[in-house]
Amino acid sequence: MRITAARVVVSCPGRNFVTLKLETDEGVHGVGDATLNGRELAVASYLTDHVVPLLIGRDAARIEDTWQYLYQGAYWRRGPVTMAAIAAVDTALWDIKGKVAGLPVYQLLGGRSRDGVTVYGHASAETTDQLLVDVEGFVARGYKAVRLQTGIPGLAATYGVGTPGTTYEPAKADLPEEAVWSTERYLTHVPAVFEAVRKEFGPHLRLLHDVHHRLTPIEAARLGKSLEPYTPYWIEDPVRAELQAGFRLIRQHTTTPLAVGEVFNSIWDCEQLIREQLIDFIRATVVHAGGISHLRRIFDLAALYHVRSGSHGATDLSPVCLAAALHLDLAIPNFGLQEYLPHSAETDTVFPHSYTFEDGYLHPSEEPGLGVDLDEEAAAAYPYRPAYLPVNRLEDGTMHSW
Ligand code: CS2
Ligand code: MG
């Protein structure tokens, strides 16, 4: 079976998505997500200008060989743009293989290891009182795990705090918005938020928190220690992870579990973190970590070192990525938790899908392949719009992570 056509579709049904569609001479097609939030057109060009010409005429059954061809053959390895492009091809080829076999992709990955994929949602609000109301809503919908983010008293806006009842979307303006950050105010506030939520909802609800890379290792150690009485399921991205050895310091001070990896794009970004058991959850996901094939490799390494998966699942990961992640989540032995933020109605129209949410679990469909598609006609009604993630400055004006 040969690849006969490859199209890159950039659309903005509420937010931007880049999708690759591969067609074959046997009439079977596959889709892959290639969205890189705020840098979408770089991946679209990488695919259209440099990858599509290599795909035409290739055997669609050779997933691993195509992955190696694109990874090794480019000479310039890794990086978010390259790995998102490779991920899109890989995902589309798995979709095709499933359709040809007449099986959902999770069956090709070894079959199910669990009944459903446990997900967490984002509870967020400006104040702790409003947050309690939002958490209550998640509990009522059956969620077993909830991420807690609130505004910080004294700061005008905080990254990652969504508005309850709306679709989560941090990338907004034509130019990046700027916010002000204070580590001192933050470290004082977060333990009080956790205390309030634990008091209200008891010991069994899994509580998570995203630090968005804003602390130094010793500050992160203090945060982890101060949250221990409220037993968080994890704190995420406590520090920037370019320096993997930095996590040793956090580990020496706290038993609060650590989750990292939404910005990682290859196994080499987390190899030391995993091998030295410096983290508990690896948050890499399909689109940003080289597709189903490479993410499986990362999860298999993690399984050897007691590290579980916790894949990123914000709204900038399209329904194609989410569907692919669910097949992997269902199959691997060391699944931990999957992030899930429902997409907007427009996004759902452009990407018809058959995964379902019930009582805190997501279920990939039993349809052959990934069970998700791209409606090209619907996508054409939503042209690309520039959007950027915001930036952060300290109170004295210094640039700071997110
Ligand atoms: C976040 C995301 O979901 C998360 O954990 O960190 O909001 C992330 O910032 C965006 O997906 C960036 O594109
Ligand atoms: Mg995050």
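Ligands are counted one by one from 1 in listed order, and the atoms in each one are counted from 1 as well. Heavy-atom basis, side chains included; hydrogens, waters and symmetry copies ignored.
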Which atoms from ligand 1 have a heavy atom of [X] less than 4.0 Å away?
X: Asn37; answer: 12 (C), 13 (O)
X: Asp316; answer: 10 (C), 11 (O), 12 (C), 13 (O)
X: Arg283; answer: 4 (C), 5 (O)
X: Tyr159; answer: 7 (O), 8 (C), 9 (O), 10 (C), 12 (C)
X: Asp210; answer: 1 (C), 4 (C), 5 (O), 6 (O)
X: Tyr168; answer: 2 (C), 7 (O)
X: Arg147; answer: 1 (C), 3 (O), 4 (C), 5 (O)

Cationic N near anionic O, under 4.0 Å, Glu64 to Lys97: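 No, this pair does not count.
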
Find out whether the Lys NZ or Arg CZ of Arg296 is both under 6.0 angstrom from the six-membered ring centre of Phe299 and within 45° of the ring's axis. no

Checking Arg58 against Tyr69: charged group under 6.0 Å from the ring centre and within 45 degrees of the axis? yes

Looking only at N, O or S atoms, find the one in Glu262 nearest to the Mg ion (ligand 2) and name it. OE1

Can you give me the OD2-the Mg ion (ligand 2)-OE2 angle for Asp210 and Glu236, to 10°? 90°

Just so I know, are the side chains of Arg214 and Tyr159 near enough to count as touching, which here means a heavy-atom distance under 4.5 Å? yes

Does the Thr347 side chain pair with the main chain of Pro13, one donor and one acceptor, at a distance under 3.5 Å? yes

Main chain of Gly79, side chain of Thr82: is a donor-acceptor contact present, judged purely on distance under 3.5 Å? no

Look at the rings of Tyr106 and His327 and say which category their plane angle falls in: under 30° parallel, 30 to 60° tilted, over 60° perpendicular. parallel

Would you check the N or O atoms of Tyr120, main chain and side chain alike, for any that come under 3.5 Å of an N or O of ligand 1?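 Such a contact does not occur with ligand 1.
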
